[in-house]
Amino acid sequence: MDTLLHNHLIDRLALANGFISGVALYPQVWVVLSSGSTVGVSLPTFLLILFNSVVWLLYAIHRGLISLGIASVLNIVASSILIFSIITL
C-alpha cells in the first residue's frame with residue numbers, strides 16, 4: 001500500500017502530532033535511566049502502551065499512515081526501554 005502524505009494543513013499537523021505523541025514517554029525514560037530507579041513506574045501501564053503501539057503500527061503500515069507510524073515506533077521503543085528497566089533494575 002502506498003503511503004499517504006498529503007500537503008494539507010491537517011496532514012502537516014498530524015505529522016507533527018505523531019512526533020510529539022511519540023516523544024511523550026521519553027521524559028519518563030530519562031528519569032528512569034538517569035536515576036536508576038523504577039519506583040512508581042507501572043509495568044502493566046507500559047505493557048498496555050507497548051501492545052497498543054504495536055497494534056497501531058500494524059494499522060499504520062496497512063493503511064500507509066506515516067504520522068501514526070512515527071508515533072507508534074517511538075512509543076514502542078520508549079515503552080520497551082521502560083519495561084526492560086522495570087524488569088532488570
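Throughout, residue positions are numbered sequentially from 1 according to the sequence presented. In this text the structure is predicted, and so the values were computed from the model without any measurement.
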Cluster overlap Ile61 with Ile70, hydrophobic side-chain contacts below 4.5 Å: yes

Same apolar cluster (I L V M F W Y, side chains within < 4.5 Å links), Phe19/Leu25: yes

Gln28 side, atom CD; Leu33 side, atom CG - distance, nearest 0.5 Å: 10.0 Å

hydrophobic_cluster_shared for Leu58 and Phe51, side chain cutoff 4.5 Å: no

Aromatic ring pairing Tyr59/Trp56, orientation class (parallel under 30°, perpendicular over 60°, tilted between): perpendicular

Contact summary for Gly22 and Tyr26, nearest pair of heavy atoms: O-CE1, 3.3 Å

Verdict with reasoning, Val32 to Leu89, per side chain to side chain contact (heavy atoms under 4.5 Å, CB included): CA-CA 9 Å; Val32 167; Leu89 291 180; 4.1 Å; yes

Nearest-0.5 Å distance, CD1 of residue Ile66 to CG of residue Asp11: 10.0 Å

hydrophobic_cluster_shared for Phe46 and Leu43, side chain cutoff 4.5 Å: yes

Donor-acceptor contacts under 3.5 Å from residues 71-85 side chains, at least two apart:
unit_1, atom_1, unit_2, atom_2, d
Ser72, OG, Leu57, N, 3.4
Ser72, OG, Leu68, O, 2.8
Asn75, ND2, Ala71, O, 3.3
Ser79, OG, Asn75, O, 2.7
Ser79, OG, Ile76, O, 3.3
Ser80, OG, Ile76, O, 2.7
Ser85, OG, Ile81, O, 2.9

Co-membership, hydrophobic cluster, residues Leu15 and Ile20, 4.5 Å side-chain: no

